[in-house]
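Read through the structure below, which is laid out as structure tokens, and then see the notes.
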Amino acid sequence: MGWWKNTFSKAYLMTGPQMTDSPVVSERDAARKSRVAGFNGASWLRGNRFGEQDEPQLDVTALSPVRRGASLVFEPPKLSSPKVENFIAEQEFEGVVLSVDEIQRTFWARLADCTAENPDEEAEFAFSEIPVDDWQLITPGALFYWNVGREWRNRQMRRVSDIRFRRFFQFSEATVTRAKHRAETLADLIAKANAYPSGDTAGFRRT
Amino acid sequence: MAEEFAIVLIGDFNPKIYQPSWFANQRLVRQSEADAAEVELIHSDFTSFSTECFVLQVARERFSMTVRSSAFKQQLHDLVVGTFNLLLHTPLTQMGINATTRLQFRNDTDWHAFGHFLVPKSQWAPILHRPGTRAVTVEGVRDDKWPGHVAVIAEPLRGAINEALIRVNDHYDESGEKKKGQDSSYFLEVLSQCYDASLSRARVIVDGLVEKYLQQGVFDDGTADD
């Protein structure tokens with residue numbers, strides 16, 4: 001078989017000698033062994049002692065780190081799921097607010113299509129499309145993401161249009177340095193162009 | 001294919017700080033989102049809560065924030081960068097940018113074939129009765145300037161039929177030039193510069209693996225000599 005049948009718990013896998021059992025384990029056996037060795041749910045903090053450490057822990061920043069070596073291992077409770085269990089974006093735009101009309105409660109934004117190489121578009125949005133908590137963020141220059149797609153909540157799928165303003169945005173030092181360098185290059189080019197007019201203009205002046 | 005993204009930081013944390021109300025007060029999340037957060041535990045040793053789109057778990061030595069869709073991956077980046085810009089003196093020593101892809105196979109045969117694709121069984125069949133792949137971790141060196149490694153972990157999805165996970169752990173270590181565990185500035189810079197590249201690398205790895213699997217017609221299940 002390509003994979004071992006996946007009917008026994010992590011706790012069972014850690015028990016050692018049973019690892020040599022047949023990979024096909026009945027659900028009843030697995031449940032029994034899991035009860036014996038598993039986490040009873042009464043305590044949030046639990047220590048497991050592993051064998052002697054013979055190499056450094058390498059996978060500590062993996063989402064489910066592989067623990068190696070001797071140490072008391074903190075085993076956190078199982079990750080709960082965010083309310084949006086899954087979101088499949090069919091269209092993703094990155095937008096920047098261009099202008100805001102406080103009276104009409106609308107704003108114009110330039111949209112860059114993140115899913116295809118389409119030219120930028122401009123669109124008008126009503127404040128009512130944005131969660132009230134984000135209204136204070138609607139100012140010229142503000143960045144936001146607009147995702148159109150399907151989301152799953154409580155195992156139910158629905159079509160949504162989700163606009164989220166970026167609450168914390170900071171360019172890295174390297175990006176700022178690159179932008180400055182590019183701006184300086186462009187400024188030099190413009191200055192040179194002004195100092196040496198094009199041939200057509202020069203010809204016009206001579207006549 | 002479904003996706004999950006997480007940023008994991010190793011360092012020295014004070015879990016009690018990381019509460020939904022703190023994130024709302026710092027304007028990192030919407031107030032309504034913080035109000036609706038489901039708090040599992042807030043303790044001086046461990047914090048765990050989930051909001052509409054992310055799950056946060058913080059222990060004294062480990063911070064982990066997870067989102068369940070590519071639609072929220074930029075928010076994940078902004079939240080982590082925003083958090084540690086405010087808590088700049090948090091000593092960090094390692095960082096992982098993790099992308100998990102969930103593969104669903106048409107049937108049991110394809111699912112097993114993927115296991116054989118990852119670990120051919122002819123070497124195992126003579127020494128192990130009905131060998132099966134439990135999990136595979138393959139690690140490579142980084143091809144950029146940052147210290148660390150890239151690990152790919154493939155495993156069957158627990159509790160699901162004919163599904164498997166491919167996790168890509170883009171691991172960043174501290175630079176040797178920097179004093180160890182000083183603050184979070186080094187990893188914030190790495191995150192700002194490498195986040196998109198890390199996620200793109202993960203995409204390329206998973207796509208490449210799946211493509212190679214789809215191209216392969218015959219799989220070594222260890223029964224060739226029978």
Side-chain angles (χ1 to χ4, degrees), chain A residues 1-10 13 19-20 22-24 44-45 58-66 74 76-77 79-89 92 94 114 131-134 136-137 143 145 147 149 151-153 162 164-175, chain B residues 2 6 8 10 27-32 38 40-41 45-46 48 50-55 57 59 64 66-72 74-75 78-79 81-82 85 94-96 98 100 111-116 129-130 132-134 137 139 151 153 156-159 167 169 171 189 192-193 221:
Chain A
M1 55 172 38
W3 296 102
W4 266 9
K5 275 292 181 189
N6 190 28
T7 49
F8 41 99
S9 70
K10 185 181 175 188
L13 281 173
M19 288 282 288
T20 55
S22 164
V24 181
W44 290 95
L45 304 171
L58 294 175
D59 308 323
V60 286
T61 60
L63 198 53
S64 298
V66 177
F74 173 76
L79 270 179
S80 63
S81 180
K83 284 174 187 163
V84 178
E85 291 152 5
N86 192 12
F87 188 110
I88 294 183
E92 286 181 54
E94 189 176 352
C114 302
V132 178
D133 289 348
D134 280 358
Q136 59 185 326
L137 304 173
L143 297 169
Y145 280 96
N147 289 292
E151 76 169 27
W152 280 259
R153 286 177 193 244
D162 183 54
R164 282 179 185 268
F165 274 79
R166 294 188 72 172
R167 292 181 158 262
F168 189 89
F169 180 74
Q170 194 178 45
F171 287 114
S172 71
E173 270 182 43
T175 308
Chain B
V8 175
I10 304 298
R27 299 187 172 192
L28 290 168
V29 301
R30 297 171 186 156
Q31 184 64 51
S32 56
E38 281 182 20
E40 284 182 307
L41 182 74
D45 285 326
F46 189 73
S48 176
S50 59
T51 69
E52 195 175 62
C53 59
F54 71 88
V55 172
Q57 289 198 326
S64 156
T66 308
V67 297
R68 278 282 171 86
S69 164
S70 63
F72 304 134
Q74 206 56 51
Q75 198 188 4
D78 288 358
L79 270 168
V81 172
N85 259 287
Q94 294 173 74
M95 179 175 73
N98 299 281
T100 304
W111 184 68
H112 282 299
F114 191 63
H116 299 318
H129 176 59
R130 298 182 69 188
T133 311
R134 162 53 61 193
T137 303
E139 192 178 296
I153 303 144
L157 180 60
R158 294 169 199 282
R167 305 174 189 273
N169 170 225
H171 176 96
E189 185 61 26
S192 297
Q193 287 191 36
D221 60 359

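This is a predicted model, so every value here is computed, not measured.
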Report the residues that fulfil salt bridge (charged side-chain N to carboxylate O under 4.0 Å, His left out) with A:Asp134, sequence neighbours left out, ordered by chain and then residue number.
-> A:Arg167, B:Arg30

Looking only at B:Ala71, B:Gly96, B:Ser70, most heavy-atom pairs under 4.5 Å shared with chain A are made by B:Ala71

Do B:Gln75 and A:Tyr145 have side-chain heavy atoms sitting under 4.5 Å apart?
-> no

Worked check of side-chain contact (heavy atoms from CB on, under 4.5 Å) between A:Glu94 and B:Gln74 = CA-CA 10 Å; A:Glu94 189 176 352; B:Gln74 206 56 51; over 6 Å; no

Listed partners of A:Asn147 passing side-chain hydrogen bond (donor to acceptor under 3.5 Å, both in side chains), at least two apart | none

Any side-chain heavy-atom pair from B:Ser69 and A:Glu151 closer than 4.5 angstrom?
-> no

Counting heavy-atom pairs under 4.5 Å to chain A, which of B:Ser32, B:Ala113, B:Ala6 comes out on top?
-> B:Ser32

To the nearest 0.5 Å, what is the distance between CG (B:Asp78) and CZ (A:Phe165)?
-> 13.5 Å

